[in-house]
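In what follows, a single structure is set out as structure tokens and then discussed.
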Amino acid sequence: MSLKIYNTLTKKIEKFIPINDDQVNLYTCGPTVYDYAHIGNFRTFLFEDLLKRWLIHLGYNVRHIMNITDVDDKTIQKSIQQKKTLFFITEKYTKAFLRDLSWLNILPADHFPKATDYIDQMIKLIKDLIKKDMAYIDQGGSVYFRIKSSPKYGLLANLKIENHQKSKRVLNDEYSKESINDFALWKAYKEEDGDIYWDSPWGKGRPGWHIECSAMSMAELGCHFDLHCGGVDNIFPHHENEIAQSEGATGKKFVNYWMHSEFLLVDGGKMSKSIGNIFKIKELKELNFSAESIRYQLLSAHYRTKVNFSKLKKNENDRVVQRFLSFYNLLKINNADLIENTILPDEYLKFKEKMNNDLDAPQALGVFFVWMKKTTNEIINKKISKEKMGSAWSFLIVFNSVFGFIDTEEALIPDEISSILKMRDKARDEKNWLYADILRGELLTLGWIVEDTEQGQRVSKKK
RNA sequence: GGCGUCGUACCCAAGUGGUUUAAGGGACCAGUUUGCAAAACUGUCAUUCGCCGGUUCGAAUCCGGCCGACGCCUCCA
């Protein structure tokens with residue numbers, strides 16, 4: 001019972017076999033730091049998080065690299081527009097990105113290399129490609145990759161370059177390239193670039209976007225590694241070009257498995273600035289979305305299907321997250337966490353089977369819901385053994401280590417709140433229901449929800 | 001023009017030709033519980049899978065056609 005994943009390269013579900021035993025080298029395309037990342041970006045990052053967490057659960061030792069693209073057309077444009085240095089812009093958005101990742105409870109990569117720290121490696125790669133006649137320098141000092149030299153080009157994206165529709169933009173771009181499909185490895189300095197340039201054997205300029213990922217991934221993970229992920233829109237041209245230039249330069253196979261997550265739609269359509277449906281984490285926080293609720297909404301669909309994000313789904317997701325939390329609390333109240341039992345219930349095997357089948361989260365969640373309901377029933381009817389209680393706790397912990405739907409951190413109760421709680425407890429003892437209800441209302445206006453349980457009052461922060 | 005995806009209940013969403021007379025979640029409604037709530041639990045909720053044909057003993061699943069939605073085809077996760 002081992003992990004099987006869909007490989008974009010072969011278009012098949014394949015058994016996942018790492019190059020070195022239990023070591024998995026994973027590269028995920030990170031953000032271009034010219035703006036705050038939006039919910040669509042995070043769909044991909046959450047998929048990658050689920051993959052990584054599942055690999056870790058299976059016992060693999062995962063080395064995860066996520067790059068930060070801190071020099072490209074958009075970052076330069078932004079820095080000129082805002083009259084700030086490139087570094088100022090990229091630092092600002094890199095920090096914001098890392099904050100958002102952490103808020104969403106996405107496990108951080110082992111390393112977040114910045115493109116500008118790997119210019120030497122990029123130059124080296126380009127030199128190798130020129131030496132092999134797979135790249136050429138134009139009159140302006142830009143370097144292009146010669147697609148003709150890469151017979152396998154188009155395999156990942158399943159595209160034949162002869163069939164490319166010639167868009168206006170492409171034609172405009174076609175200044176001194178041998179073929180319109182050739183892509184830039186190095187872009188010669190232009191007036192507009194201001195003081196943003198690096199020296200190279202071909203004159204000053206800056207790297208193309210695709211070579212950045214090749215250089216960083218190979219520098220950190222070696223020329224040949226296990227997994228490379230991104231969104232479907234990265235398949236072409238970005239990943240196709242990475243393969244061409246990396247395999248061209250090294251003469252070796254670049255990556256064994258390519259995985260891509262589908263797009264996120266917002267209210268049934270593509271995100272676009274004109275519709276104004278691009279949500280940033282900050283805005284979602286203002287709408288009172290919790291990280292768990294967003295995780296559930298984006299992870300409960302299979303990663304290779306389009307998932308629809310909607311503000312209207314918030315209540316539904318909050319409710320599900322609440323159910324998980326209630327179950328967690330139910331087990332805790334029954335001291336399940338104190339029972340030493342690491343044996344997992346039979347349902348775990350089914351859950352594992354589903355997850356091992358190309359991360360079939362919807363099916364796995366179905367299994368979990370059925371088990372959760374059954375177990376809750378057994379607990380409230382007191383028909384559960386101590387061993388089973390312990391194994392329920394173990395399964396729940398495994399589940400949460402993979403999905404992260406339960407916020408296990410107890411909110412700190414301020415003194416003001418706990419003194420109201422004490423008063424309410426007294427009122428309830430005296431059966432002064434009117435006063436108890438007034439206090440409950442008061443707590444709610446202060447943002448705390450109080451519930452009366454068999455074990456007494458339980459407060460939680462309103463989300 | 002080329003390549004590809006999808007259409008399953010009020011909504012979301014699994015379904016890998018026969019242990020599926022279609023998982024799971026949400027909403028609704030009814031009930032249990034509760035001082036009242038909340039939460040939780042129980043029950044109800046698609047004879048049917050966009051439409052029409054075909055293959056098969058058997059199709060949501062395979063094939064063909066049609067209708068509808070969508071993605072990629074040079075820098076957007």
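Convention: sequence-line order gives letters A, B, ...; per-chain numbering from 1.
Comparing the same atom, P, in B/A22 and in B/C49 gives a spacing of 12 Å after rounding to whole Å. When the C1' atom is compared between B/A27 and B/G68, the two are found 27 Å apart, to the nearest whole Å. Using atom C1' as the reference point in both B/C3 and B/U44, the two lie 47 Å apart (nearest Å). Look at the C1' atom in both B/G31 and B/U21: the space between them is 27 Å, to the nearest Å. Atom P of B/U16 sits at a distance of 11 Å from the matching atom of B/C6, rounded to the whole Å. One P atom belongs to B/G17, the other to B/C63, and the distance between them is 12 Å to the nearest Å. Comparing the C1' positions of B/G1 and B/C11 gives a spacing of 38 Å, expressed to the nearest Å. Rounded to the nearest Å, the gap between the C1' atom of B/A13 and that of B/G7 is 13 Å.
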| field | Verdict with reasoning, A/D35 to A/K78, per side-chain contact (heavy atoms from CB on, under 4.5 Å) | value | CA-CA 9 Å; A/D35 198 350; A/K78 188 102 178 190; 4.2 Å; yes
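Checking side-chain atoms of A/N381 against main-chain N and O of A/K383 turns up no donor-acceptor pair under 3.5 Å. Under the 3.5 Å distance criterion, the side-chain polar atoms of A/T94 are matched with a main-chain donor or acceptor of A/T90. Here the side chain of A/S142 pairs no donor or acceptor atom with the backbone of A/D138 at under 3.5 angstrom.
The strand RNA chain B forms stems, runs of 3 or more Watson-Crick or G-U wobble pairs with distances below 3.5 Å, at B:1-7 with B:67-73, B:10-12 with B:24-26, B:29-32 with B:40-43, B:50-54 with B:62-66.
For residues 368-380 of chain A, the set of pairs meeting the salt bridge (Lys or Arg N to Asp or Glu O under 4.0 Å) definition, not counting sequence neighbours, comprises A/E347-A/K374, A/E378-A/K388.
Here the side chain of A/K306 is nearest to one of B/C70, B/A38, B/C76, namely B/C70. The side chain of A/N234 lies closest to B/A77 when the candidates are B/C72, B/A77, B/G4.
Residue contacts shown for A/L312 are absent, as no nucleic acid heavy atom lies under 4.0 Å away. Residue contacts shown for A/N357 include a base, since a base heavy atom lies under 4.0 Å away. Counting any heavy atom pair closer than 4.0 Å across all strands shown, A/G230 reaches sugar-phosphate atoms only and no base atom. Using a 4.0 Å heavy-atom distance criterion, A/D437 is classed as a base contact. Nucleic acid contact for A/R440: base, since at least one base atom lies under 4.0 Å from a heavy atom of the residue. Residue A/H38 is in base contact, counting any heavy-atom pair closer than 4.0 Å across all strands shown. If you check every strand for non-hydrogen atoms under 4.0 Å, A/T305 touches sugar and phosphate atoms only. Contact annotation for A/R424: base contact, defined as any heavy-atom pair under 4.0 Å involving a base atom.
For the pair A/I380 and A/D182, nearest-nucleotide mapping onto RNA chain B gives the more 5' position to A/I380. Nearest-nucleotide positions on RNA chain B for A/R428 and A/H302 put A/H302 closer to the 5' end.
One atom, CG of A/N308, and another, C1' of B/A69, lie 12 Å apart when rounded to the nearest Å. In this structure, A/K383 atom NZ and B/C41 atom P are separated by 15 Å, rounded to whole Å. Per the geometry, CD1 belonging to A/I384 stands 14 Å off P belonging to B/C41, to the nearest Å. In this structure, A/L359 places its CG atom 17 Å from P of B/U16, rounding to the nearest Å. Atoms CD (A/E378) and P (B/C41) sit 13 Å apart, rounded to a whole Å. In this structure, the CG atom of A/L264 is 14 Å from the C1' atom of B/C12, given to the nearest Å. In this structure, CD1 of A/I449 is placed 12 Å from P of B/A38, rounded to the nearest angstrom. Between the C1' atom of B/U34 and the CZ atom of A/R458 lies a distance of 16 Å, rounded to the nearest Å.
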Protein and nucleotides 20-29 of chain B: nitrogen or oxygen contacts under 3.5 angstrom:
| unit_1 | atom_1 | unit_2 | atom_2 | d |
| --- | --- | --- | --- | --- |
| B/G25 | O3' | A/R323 | NH1 | 3.4 |
| B/G25 | N2 | A/E316 | OE2 | 3.2 |
| B/G26 | OP1 | A/R323 | NH1 | 3.2 |
| B/A27 | OP1 | A/R319 | NE | 2.3 |
| B/A27 | OP2 | A/R319 | NE | 3.3 |

Taking distance alone, no hydrogens or angles, what donor-acceptor pairs closer than 3.5 Å link side-chain atoms of residues 430-444 of chain A to residues at least two apart or in another chain?
| unit_1 | atom_1 | unit_2 | atom_2 | d |
| --- | --- | --- | --- | --- |
| A/N432 | OD1 | A/Y435 | N | 3.4 |
| A/D437 | OD1 | A/R440 | NH2 | 3.2 |

Atom pairs and distances, donor-acceptor, side-chain atoms in residues 225-235 of chain A, under 3.5 Å, two or more places apart:
| unit_1 | atom_1 | unit_2 | atom_2 | d |
| --- | --- | --- | --- | --- |
| A/D226 | OD1 | A/I19 | N | 2.7 |
| A/D226 | OD2 | A/N25 | N | 2.9 |

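The salt bridge (charged side-chain N to carboxylate O under 4.0 Å, His left out) search around A/K52 returns none, not counting sequence neighbours. The side chain to side chain donor-acceptor pair (under 3.5 Å) search around A/Q322 returns A/S326, not counting sequence neighbours. With sequence neighbours excluded, no residue forms a salt bridge (charged side-chain N to carboxylate O under 4.0 Å, His left out) with A/K282. Shown here are the side chain to side chain donor-acceptor pair (under 3.5 Å) partners of A/Q245, two or more places apart in sequence or in another chain: A/S214. Residues that satisfy the side chain to side chain donor-acceptor pair (under 3.5 Å) test with A/W54, not counting sequence neighbours, are A/N356. Residues passing the salt bridge (charged side-chain N to carboxylate O under 4.0 Å, His left out) test with A/R424 are A/D452, sequence neighbours excluded.
Between the side chain of A/D452 and the base of B/C36 there is at least one donor-acceptor pair of N/O atoms closer than 3.5 Å.
Taking side-chain N and O atoms only, A/N377 has a distance below 4.0 Å to OP1 or OP2 of B/U42. For A/K354, no side-chain nitrogen or oxygen approaches OP1 or OP2 of B/U16 to under 4.0 Å.
Within residues 4-14 of chain A, no residue is approached by RNA chain B to less than 4.0 Å at the level of any non-hydrogen atom.
Atom-to-atom distance recorded for A/R304:CZ and A/T8:OG1 is 8.0 Å, nearest 0.5 angstrom.
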